[in-house]
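Chain letters run A, B, ... following the sequence lines, proteins first and then strands; every chain starts at 1.
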There are 2 protein chains.
Amino acid sequence: MEKRRLDCVGLPPGWKREEVVRKSGLSAGKTDVYYISPDGKKIRSKPQLARQLGEQFDLSAFDFRSGRINHSQLRKRMRHDSSLVLPIRQTASIFKQPVTVIHRQESKTKSELKHGPQDPPKQLFWEKRLQGIQACDSQEEVIKALDLPRNVQGVGPELTTENILQSISAALHISSSPVVGQGNNRATVAKNPGVNIDVYQPHIQQVIVSEDDIRRQEVKVIEARRKLQDAIKGIM
Amino acid sequence: MEKRRLDCVGLPPGWKREEVVRKSGLSAGKTDVYYISPDGKKIRSKPQLARQLGEQFDLSAFDFRSGRINHSQLRKRMRHDSSLVLPIRQTASIFKQPVTVIHRQESKTKSELKHGPQDPPKQLFWEKRLQGIQACDSQEEVIKALDLPRNVQGVGPELTTENILQSISAALHISSSPVVGQGNNRATVAKNPGVNIDVYQPHIQQVIVSEDDIRRQEVKVIEARRKLQDAIKGIM
DNA sequence: CGGAGTGGGCTT
DNA sequence: AAGCCCACTCCG
């Protein structure tokens, strides 16, 4: 029998993946997938793989059948919990990676908490968990990240451009109220993020938009619309 | 595991029904129902059962989960179509049974039919399809049919007490106008049911209600109310 | 490869 | 939201 044994992207080095096609019976034509551990042991299911690898590995996003990290799985989970669930960095491999958990300062007493429906506490800087995850198009080409305009400035500890973009995207996606940035300035926030950060706003300073900015944007939009019209005329 | 495999009332002999409770996972506690065909094949859904049994069986009123003929299904259909749908006898099994179809005499021409919204033709004596179906209480004890008062007399061919009761029940249930019985007498109807029967009325002669009848009924009601009051006092 | 047992899309 | 179906997983 011809078998394809290949190193597997989502797994530690040394692991091989194998596909076997069923040749007869009711399930003829279906394939069974299994994995060969570095020491030659045959693994036939995801639970078995998890047992073999141990606690250090997070297989929640690993698709056993395809052998890849399943991004649609990730999206499914996110829908249920907009602030994500676990303080575990989301990556494109199954290695669990340490992440600093920053607890929000709890100023409320228990009796105060009893009144009204309680929102779960929002983690500060949770967008950092998205670090290293990149969008790609249908051909799996990674889409280049945007550059930030000069007047958009991060507020918070060690924020990369990537972090800031993710923070803004998340705010636009999740929030139903205006996205305006942090009211407090950088120095204040640095002193005590737990108190001085507005968790409902992205980690950027408030951006001053001048009349000139608005006018320039209007010109751009009109320009873009004209180009689109021309393009459509060219097609029809 | 302990399984209850039982012969199933609504199905041909030899079929067994089985209930399995889900023990783990997100759906723990839910039950799955399946059926074992006489040759041991496991059937897991109603469409699959229909495929297995073939055209000879009418599962429209069969409730897969409970394994019974579903009378509430029947009622649901009646709401949409007060004269029922198919010229198939409704029984307590899923076997399709032959039934004599009586077409209503069509005196209208096609051009006449074009005007206004058309009611579907009402079948005469369709209540006969209900023959053999009996009400039962929650302990599955069959509820004894009522006796008819002497002044309630059937009008129509070969009507049993059962037919008449069903006809009256159906009229009370379906009709929004007064239920008064047939205007024409028995002899006239017997001559030509298609013409002389009022399909919107039950198959009974009009009942003469005298002043005396009314007075007797009033006494009965007052008596019943007093007894109910006494019973309630006894409880509280 | 079969089949019990569960997940999850789709319908009501 | 609840339930029905189906397809899949995982282990014998």
Side-chain angles (χ1 to χ4, degrees), chain A residues 1-3 8 10-11 15 17-37 41-53 57 59-81 85 94, chain B residues 1-5 8 10-11 15-53 57-81 94:
Chain A
M1 188 196 322
E2 206 177 359
K3 291 180 185 175
C8 184
L11 250 31
W15 283 80
R17 178 171 173 282
E18 188 165 328
E19 283 188 24
V20 179
V21 180
R22 297 191 177 191
K23 296 184 291 298
S24 66
L26 294 172
S27 55
K30 308 227 165 184
T31 62
D32 290 303
V33 172
Y34 53 93
Y35 294 83
I36 317 292
S37 74
K41 196 173 171 192
K42 193 188 264 183
I43 306 295
R44 310 200 306 148
S45 73
K46 195 166 165 179
Q48 198 186 351
L49 180 61
R51 257 174 272 131
Q52 183 75 21
L53 288 171
F57 297 86
L59 293 179
S60 61
F62 180 73
D63 183 66
F64 188 86
R65 173 157 284 278
S66 67
R68 296 160 182 242
I69 300 301
N70 187 343
H71 290 263
S72 73
Q73 288 268 48
L74 280 175
R75 216 183 307 138
K76 212 176 286 168
R77 282 169 186 263
M78 288 181 68
R79 203 176 291 159
H80 288 293
D81 176 11
V85 189
I94 62 167
Chain B
M1 189 200 321
E2 209 176 357
K3 290 178 185 176
R4 303 202 317 170
R5 289 199 185 194
C8 183
L11 251 32
W15 283 79
K16 300 269 190 281
R17 178 172 173 281
E18 187 165 329
E19 280 187 27
V20 180
V21 179
R22 297 193 176 195
K23 298 181 287 300
S24 66
L26 295 172
S27 53
K30 309 220 167 185
T31 62
D32 291 297
V33 171
Y34 52 92
Y35 294 83
I36 317 292
S37 73
D39 49 312
K41 197 174 169 192
K42 199 182 228 169
I43 305 294
R44 306 158 60 84
S45 72
K46 192 167 167 180
Q48 201 185 346
L49 180 60
R51 258 173 269 134
Q52 182 76 19
L53 289 171
F57 297 87
D58 174 22
L59 293 178
S60 60
F62 180 74
D63 182 66
F64 187 87
R65 173 155 282 276
S66 68
R68 295 154 187 252
I69 300 301
N70 186 345
H71 291 262
S72 73
Q73 288 270 47
L74 280 176
R75 215 184 307 138
K76 214 176 282 168
R77 280 170 185 264
M78 289 180 68
R79 204 175 292 159
H80 290 294
D81 175 10
I94 62 169

Sole candidate of Gln52(B), Arg51(B), Arg17(B) that passes side chain to side chain contact (heavy atoms under 4.5 Å, CB included) when paired with Ile43(B):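 The single option meeting the side chain to side chain contact (heavy atoms under 4.5 Å, CB included) with Ile43(B) is Gln52(B).
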Once side chain to side chain contact (heavy atoms under 4.5 Å, CB included) is applied, do any residues pair with Pro38(B), and if so which ones, sequence neighbours excluded?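 With sequence neighbours excluded, Pro38(B) shows a side chain to side chain contact (heavy atoms under 4.5 Å, CB included) to Trp15(B), given in chain and number order.
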Please report the end-to-end axis angle for the helix from dC1(C)-dG12(D) to dT12(C)-dA1(D), five pairs per end, rounded to 10 degrees.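 Here the helix ends are tilted 10° relative to one another.
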Would you call Glu18(B)-Lys16(B) a salt bridge at under 4.0 Å N-O?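 Looking at Glu18(B) and Lys16(B), the cut-off is not met.
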Is [X] close enough to [N] that one of its side-chain N or O atoms is under 4.0 Å from OP1 or OP2 there?
{"X": "Lys42(B)", "N": "dA4(C)", "value": "yes"}
{"X": "Ser27(A)", "N": "dC1(C)", "value": "no"}
{"X": "Ser24(A)", "N": "dC1(C)", "value": "yes"}

Interatomic distance where [atom1] belongs to [X] and [atom2] belongs to [N] [whole Å]:
{"X": "Lys23(A)", "N": "dG2(C)", "atom1": "NZ", "atom2": "C1'", "result": "15 Å"}
{"X": "Tyr34(B)", "N": "dG3(C)", "atom1": "OH", "atom2": "P", "result": "12 Å"}
{"X": "Ile36(B)", "N": "dG3(C)", "atom1": "CD1", "atom2": "C1'", "result": "12 Å"}
{"X": "Gln52(B)", "N": "dC6(D)", "atom1": "CD", "atom2": "P", "result": "13 Å"}
{"X": "Lys41(B)", "N": "dA4(C)", "atom1": "NZ", "atom2": "P", "result": "13 Å"}

If we only count heavy atoms from C-beta on, is the Lys46(B) to Leu59(B) side-chain gap below 4.5 Å? yes
Who are the salt bridge (charged side-chain N to carboxylate O under 4.0 Å, His left out) partners of Arg44(B), not counting sequence neighbours?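 Applying salt bridge (charged side-chain N to carboxylate O under 4.0 Å, His left out) to Arg44(B) gives none.
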Could you list the residues that satisfy side-chain hydrogen bond (donor to acceptor under 3.5 Å, both in side chains) with Thr31(B), not counting sequence neighbours? Arg65(B)
Checking Ser27(A) now: which residues fulfil side-chain hydrogen bond (donor to acceptor under 3.5 Å, both in side chains) with it, not counting sequence neighbours? Arg22(A)
Tyr35(B) side chain vs Lys41(B) backbone, donor-acceptor pair below 3.5 Å: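 Side chain of Tyr35(B) to backbone of Lys41(B): no pair is present.
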With the sugar-phosphate defined as primed atoms, P, OP1 and OP2, and the base as all remaining atoms, what B/S/- string results for nucleotides 7-12 of chain D, 5' to 3', for protein heavy atoms under 4.0 Å? BSSSBB
Are the aromatic rings of Phe57(A) and Phe62(A) close, with centres under 6.0 Å apart?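 Aromatic pair excluded; centres sit 6.0 Å or further apart.
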